[in-house]
S.K.: 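Quick one: this structure, given as structure tokens, is what I'll be asking you about.
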Amino acid sequence: MKDLVQDANFDCSSTGFALQAMDSSHVSLIHMQLRSDGFEHFRCDRNLSMGVSLNNMAKILKCMGSDDILTMKAEDQGDSVTFMFEAANQERISDFELKLMDIDSEQLGIPDTEYAATIKMPSTEFARICKDLSTIGDTVLIGVTKDGVRFSTQGDIGSANVTLRQHNNVDRPEENVVIDMQEPVALTFALRYLNSFAKATPLASQVLVSMSKELPVVVKYQMGDIGHISYYLAPKIEDDEEMEGDNA
Amino acid sequence: MKDLVQDANFDCSSTGFALQAMDSSHVSLIHMQLRSDGFEHFRCDRNLSMGVSLNNMAKILKCMGSDDILTMKAEDQGDSVTFMFEAANQERISDFELKLMDIDSEQLGIPDTEYAATIKMPSTEFARICKDLSTIGDTVLIGVTKDGVRFSTQGDIGSANVTLRQHNNVDRPEENVVIDMQEPVALTFALRYLNSFAKATPLASQVLVSMSKELPVVVKYQMGDIGHISYYLAPKIEDDEEMEGDNA
Amino acid sequence: MKDLVQDANFDCSSTGFALQAMDSSHVSLIHMQLRSDGFEHFRCDRNLSMGVSLNNMAKILKCMGSDDILTMKAEDQGDSVTFMFEAANQERISDFELKLMDIDSEQLGIPDTEYAATIKMPSTEFARICKDLSTIGDTVLIGVTKDGVRFSTQGDIGSANVTLRQHNNVDRPEENVVIDMQEPVALTFALRYLNSFAKATPLASQVLVSMSKELPVVVKYQMGDIGHISYYLAPKIEDDEEMEGDNA
């Protein structure tokens, strides 16, 4: 996330945490939600908006041990948030205080659209395809039909297509590719942004990619019951898109 | 291979693939041969020479999954070659099209010489010695006698010698050092090239190093029955070579 | 060690090896001692001081295989030292000759002080704390009380404290934190140097940190019976040190 956005407001309320931010070039939007049930203890007496440098927050979170218990604390009107790490055996306690910032941000309304097609696929597969195609071209055409989804690119050295077929394996649900489609859709996106989104891959075994003609794609990583992180990216308008405007 | 050569012609015939290229400084020569029997299916109706950028080809081959089935296709008179990767479970099919180039290349005749000495040794050992000696000097004197082979170098900070004794272990043949010698020979080579050759180490557990006075050394990696890749490098002419011209 | 010091004199005598050197900015001091008992064979007929470039010596030691037997040889009045590596099976023998240098160095007397407090703690923990705090600030205040030791820093983005409690686990002595304290002490040090010292972490599972008011801290890595490497670093004088001058 910190590759796209430098600073962001965390909005805390009794139901959990939320973060919404546009990348610095105002092309993509990030929306993260962590539900209060996802935390062992969660108390938020008053709604609070904390402006943090994601870069600095990442520095601090890197100091957390893998088995440490994390506690975050912020005061009303305070100008800092405290991250406390406790080793499981209680022999080491670390507290890191991060200064807060005032960040101007309008909250953008995200329309609750019905999408023409939603692909559910392994997040590692999505990450790999975006990375592989980036070696050939700058943009990817994602085309969805009933049978599968096709990622295409072209560049100076040649062209590439990767086709995934819909399949369902009850034993390994994390490997499934499931397509929920109202009508075929094919849109072109800048691979640079998709590759940034794909850094969230370790958070979820599957990713949901939802597309509708002329609307931003949503790339959503659902972290169990804890919450989700969703990325929005507007499609590129190109004259030579193969299926653009086609009907099933 | 792509460290030495940028572009090269693949020559296909009914018996297999062959590639021969000189590095850009025209000091070393690469000769690769893949026999048609090494492929599960191989069909070549007409002899065909395909000029490819090895760098771009490497980019594409990196997109291949470790268990994928690779199919290469090229048309007569076509201007591209297609690499198709199929996942074992058939759920993902990728095709990458690589543009071909016109490359001028004369085929050099490689004389089928009897060498004064041939050393068969673990490829990892050869790679390591070349790398180690590079930290001290720029060239290596390889001297072969009945008992063993000696790699020597010297540089500003000091000097180094590594001596391998001939040995034969039936249980671990891949660790053997076998010397087949007509007469003692000692030649000096630029380590920079040997280090490039040694990048082929993962292809074969043993490497064959063949030397004769005043002839290029051959560094040959034999890949089972599939084929081989051989590198040729002319020796450096130096006044102070220890054994130069000696007789057994 | 080679990050702090470029060239150093190794002093050999019948009792072992010793090296003492100041870093190039003359802020920290390194003292290393290897006892002759720590070597399988050790013979030193005459006291000998060998000036070596640690960087070049590191290059050579990197060429040693993990199971190799190392022999070091130097002649009286010689201008080089020889490192000989023998593979366990005797099939590979390497000798690397390193040129010696003339290095001016006064030996500084290190006073054998009683320290106000000595902390014995896992070396990995010490390394990690120094690294973590470096992401926030440039200096660390190390404060010792009976209950534990507290590492604090502050910087532009916020502040951080890590507190370790004294604890003793007979089953895993290498994880113990043991505090031997005459009186509370709190001193500030440049993290840059502590991070360099911590590169010795692989040499010992525990590190000893000894402090007294206005004296250099000693960071000592004891390598079993073989010897030890100790680093000395003068404290920073700051007006705002919390516990400076307090009494227990």
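Residue numbers begin at 1 in each chain, while the letters A, B, ... track the order of the sequences. If you're wondering where the values come from, they're calculated on a predicted model, not measured in any experiment.
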S.K.: Under a 4.5 Å cut-off applied to non-hydrogen side-chain atoms, are B:Ile93 and A:Arg165 in contact?
M.R.: yes

S.K.: Please round to the nearest 0.5 Å and tell me the distance separating atom CE of B:Met84 and atom CG of A:Asn161.
M.R.: 11.5 Å

S.K.: With a 4.5 angstrom heavy-atom cut-off, could you sort out which part of A:Ile136 is near chain B: side chain, backbone, both or neither?
M.R.: side chain

S.K.: Between CD of B:Glu86 and OG1 of A:Thr163, what distance do you get to the nearest 0.5 Å?
M.R.: 11.0 Å

S.K.: Chain A heavy atoms under 4.5 Å from B:Met57: which part of the residue, side chain, backbone, both or neither?
M.R.: neither

S.K.: Report yes if some heavy atom in the side chain of B:Arg92 is under 4.5 Å from a heavy atom in the side chain of A:Arg128; otherwise report no.
M.R.: yes

S.K.: Would you mind telling me which of A:Ile157, A:Leu164, A:Asp132 has the largest number of heavy-atom pairs within less than 4.5 Å of chain B?
M.R.: A:Ile157

S.K.: Let's go through B:Asn56 and A:Thr135 carefully: what are the C-alpha distance in whole Å and the side-chain angles of both, what is the deciding distance for side chain to side chain contact (heavy atoms under 4.5 Å, CB included) to 0.1 Å, and is it a yes or a no?
M.R.: CA-CA 9 Å; B:Asn56 291 341; A:Thr135 64; over 6 Å; no

S.K.: May I ask you to check whether over 12 heavy atoms, not counting those of B:Asp138, lie within 6.0 Å of atom CG?
M.R.: no

S.K.: As an exercise: rank A:Gln166, A:His167, A:Glu125, A:Lys131 by heavy-atom pairs under 4.5 Å with chain B and give me the winner.
M.R.: A:His167

S.K.: Are more than 12 heavy atoms from other residues, nucleotides or ligands located less than 6.0 Å from atom CG of B:Asp102?
M.R.: no

S.K.: Counting heavy atoms not belonging to B:Lys99, are there more than 12 under 6.0 Å from its NZ?
M.R.: yes

S.K.: Nearest 0.5 Å, what's the CG-OG distance between B:Leu98 and A:Ser159?
M.R.: 9.5 Å

S.K.: How many angstroms lie between CD1 in A:Ile129 and OG in B:Ser94, if you round to the nearest 0.5 Å?
M.R.: 7.0 Å

